[in-house]
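Lettering follows sequence order; numbering is per chain, from 1.
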There are 2 protein chains.
Amino acid sequence: MSLRSASAVLDRLDLRSTSARRAVITAVLSRSQPVTARELVARLARRGIGRATVFRTLDLLVRAGVLSRIHGIEGGERCFHYTRCAPEHHHHLVCRACGKVEEIDARRLDARLDSVARGHGFRALSHAVEIQGLCQDCH
Amino acid sequence: MSLRSASAVLDRLDLRSTSARRAVITAVLSRSQPVTARELVARLARRGIGRATVFRTLDLLVRAGVLSRIHGIEGGERCFHYTRCAPEHHHHLVCRACGKVEEIDARRLDARLDSVARGHGFRALSHAVEIQGLCQDCH
DNA sequence: GCGACATTTGAGACTGAGTATCAGGAAGGG
DNA sequence: CCCTTCCTGATACTCAGTCTCAAATGTCGC
């Protein structure tokens with residue numbers, strides 16, 4: 001299923017279906033939690049897939065709206081995290097201690113964020129909101 | 001005034017009042033808008049202040065709660081921004097096009113963010129929220 | 001199937017932010 | 001003025017992400 005969906009993604013985006021790309025897409029999409037670029041690079045390197053290809057493919061997917069790219073924990077890891085989700089309406093809770101990232105569904109926040117941003121003349125095209133704190137396990 | 005306040009800051013934090021530190025603090029505090037680490041390094045290098053000292057001093061100030069460290073614009077610059085503000089209760093609007101950063105005062109957001117985070121078992125120790133969008137000038 | 005051709009790949013060099021180290025230098029208490 | 005302690009800048013380093021380019025691979029017309 002995951003491989004078929006990787007092909008489907010590539011097909012939809014009018015990109016050549018190469019084994020490297022399928023591997024990258026499968027690796028990201030098979031995770032429900034966000035993955036770091038670092039981890040993907042390391043994991044895929046074992047299969048002979050180069051660093052450049054991983055970043056290139058991730059970039060394509062982000063631009064195509066398949067993945068969303070979020071920041072890591074402040075002060076700790078500085079590499080990006082990638083996760084499957086529409087880039088427009090998600091928010092993340094990042095644990096500062098263990099780095100765990102949880103998605104939250106906060107429709108009601110959206111309206112408020114929108115109104116705040118508009119009040120400042122901003123169009124909040126993307127609600128890439130990250131709340132940082134300590135998760136249950138870490139305090 | 002700014003120099004006096006730099007000394008005051010150092011005094012309050014029980015740090016030696018050196019010319020390098022005063023220069024770094026003055027440079028950051030004299031700006032109302034957030035400054036990038038890059039810009040500070042470049043500006044202070046002209047006065048013979050080394051990169052390491054700038055980062056060290058900024059770090060001290062962030063840890064002491066004098067400055068707040070926020071992310072730059074997504075996709076473009078990736079270096080940190082520093083700004084004078086209490087780290088606990090501020091939110092930022094970041095323009096994706098020009099990189100402008102505005103502070104917003106959103107007390108009402110706080111309560112909602114808190115409740116959302118707590119609902120997920122998080123203690124939202126720091127509301128480092130960044131809303132990304134396009135500012136008035138850029139759309 | 002096959003071959004031409006454009007796209008993609010991976011190796012490796014490069015960039016630039018931030019960090020670590022360390023000998024020399026300054027602050028400041030006595 | 002001296003001595004200890006802390007601070008500084010030069011420099012080398014790390015590491016994420018980008019760039020480059022020759023070689024490999026997918027695609028499509030035949």
Side-chain angles (χ1 to χ4, degrees), chain A residues 3 6-28 34-64 67 69-82 99, chain B residues 3 6-7 9-11 13-28 34-64 67 69-82 99:
Chain A
L3 200 151
S7 301
V9 168
L10 289 169
D11 203 45
R12 183 153 59 83
L13 303 179
D14 260 327
L15 294 170
R16 282 194 182 170
S17 174
T18 67
S19 63
R21 280 180 176 161
R22 284 192 302 266
V24 174
I25 295 175
T26 302
V28 185
V35 201
T36 62
R38 171 199 300 206
E39 184 183 336
L40 286 170
V41 167
R43 178 178 300 259
L44 291 161
R46 276 185 243 132
R47 298 199 214 164
I49 296 171
R51 172 204 304 287
T53 303
V54 175
F55 278 107
R56 258 187 309 238
T57 308
L58 289 174
D59 217 45
L60 283 171
L61 295 173
V62 168
R63 265 187 251 165
L67 296 182
R69 173 199 260 172
I70 61 181
H71 292 113
I73 42 177
E74 186 182 36
E77 310 237 347
R78 266 194 320 287
C79 59
F80 291 129
H81 290 64
Y82 295 85
Chain B
L3 199 151
S7 300
V9 168
L10 288 170
D11 203 44
L13 302 179
D14 259 329
L15 294 170
R16 284 194 181 170
S17 174
T18 67
S19 63
R21 280 180 176 162
R22 285 193 302 268
V24 174
I25 295 176
T26 302
V28 186
V35 202
T36 61
R38 171 198 298 208
E39 184 183 336
L40 287 170
V41 167
R43 179 178 301 261
L44 292 161
R46 277 185 242 131
R47 298 198 215 165
I49 296 171
R51 172 202 303 287
T53 302
V54 174
F55 278 108
R56 255 188 312 240
T57 307
L58 289 173
D59 217 43
L60 284 171
L61 296 173
V62 168
R63 267 188 250 165
L67 296 181
R69 174 200 259 171
I70 60 181
H71 293 113
I73 42 175
E74 187 181 35
E77 310 237 347
R78 267 194 319 287
C79 58
F80 291 129
H81 290 63
Y82 296 86

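The separation between A:F55 atom CZ and C:dT9 atom C1' is 16 Å, rounded to whole Å. Put simply, CD on B:E39 is 15 Å from C1' on C:dA17, counting in whole angstrom units. Spacing between atom NE2 of A:H81 and atom C1' of D:dG17 amounts to 15 Å, rounded to whole angstrom units. In this structure, B:L10 places its CG atom 18 Å from P of C:dA26, rounding to the nearest Å. Rounded to whole Å, the distance from CG on A:D14 to C1' on C:dA6 is 15 Å. When the C1' atom of C:dG18 is taken as reference, atom CG of B:L40 falls 14 Å away, rounded to whole Å. Between the P atom of D:dC7 and the CG atom of B:D59 lies a distance of 14 Å, rounded to the nearest Å. Distance A:L58 CG to C:dG10 P: 13 Å, rounded to the nearest Å.
With hydrogens and angles left out, the side-chain atoms of B:S7 and B:R22 include no donor and acceptor closer than 3.5 Å.
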Note to self: Using side-chain contact (heavy atoms from CB on, under 4.5 Å), reason through B:L60 and B:L13 one step at a time and then give a plain yes or no.
What the structure shows: CA-CA 9 Å; B:L60 284 171; B:L13 302 179; 6.0 Å; no
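Between A:L10 and A:S17, the closest heavy-atom pair is CD1-CA, 3.7 Å. Closest approach of B:R16 and B:R21 over heavy atoms only: O-NH1, 3.2 Å.
Counting only heavy atoms from C-beta on, A:T53 has its side chain closest to C:dT9 among D:dG9, C:dT9, C:dG16.
Rounding to the nearest 0.5 Å gives a distance of 6.5 Å between CG of B:L58 and CG of B:L67.
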Please table the atom pairs, donor to acceptor, closer than 3.5 Å between any side-chain atom in residues 40-55 of chain A and protein atoms at least two apart or in another chain.
from	atom 1	to	atom 2	distance (Å)
A:R43	NH2	A:E39	OE2	3.2
A:T53	OG1	A:R56	NH2	3.2

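Residues of residues 41-49 of chain A that place a heavy atom closer than 4.0 Å to DNA chain C, in numerical order, are A:G48, A:I49.
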With 3.5 Å as the limit, what N/O pairs link the protein to nucleotides 26-30 of chain D?
from	atom 1	to	atom 2	distance (Å)
D:dG26	N2	A:R16	NH2	3.4
D:dT27	OP1	A:S17	N	3.2

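At a threshold of 4.0 angstrom between heavy atoms, the contacts of A:R51 include nucleobase atoms, whether or not backbone atoms are also involved. If you check every strand for non-hydrogen atoms under 4.0 Å, B:A52 touches a base.
Each end of the helix from C:dG1-D:dC30 to C:dG30-D:dC1 gets its own axis from five base pairs, and the two axes differ in direction by 30°, given to 10 degrees.
With contacts defined as side-chain heavy-atom distances shorter than 4.5 Å, the pair A:L15/A:T57 does not qualify.
B:R63 meets the salt bridge (charged side-chain N to carboxylate O under 4.0 Å, His left out) test with B:D59; sequence neighbours excluded. In this view, B:D11 satisfies the salt bridge (charged side-chain N to carboxylate O under 4.0 Å, His left out) rule with no residue, not counting sequence neighbours.
Place B:R56 and A:Y82 on DNA chain D by their nearest nucleotides, and B:R56 ends up nearer the 5' end.
Phosphate contact (OP1/OP2 of C:dT8, side-chain N/O of A:R21, threshold under 4.0 Å): present.
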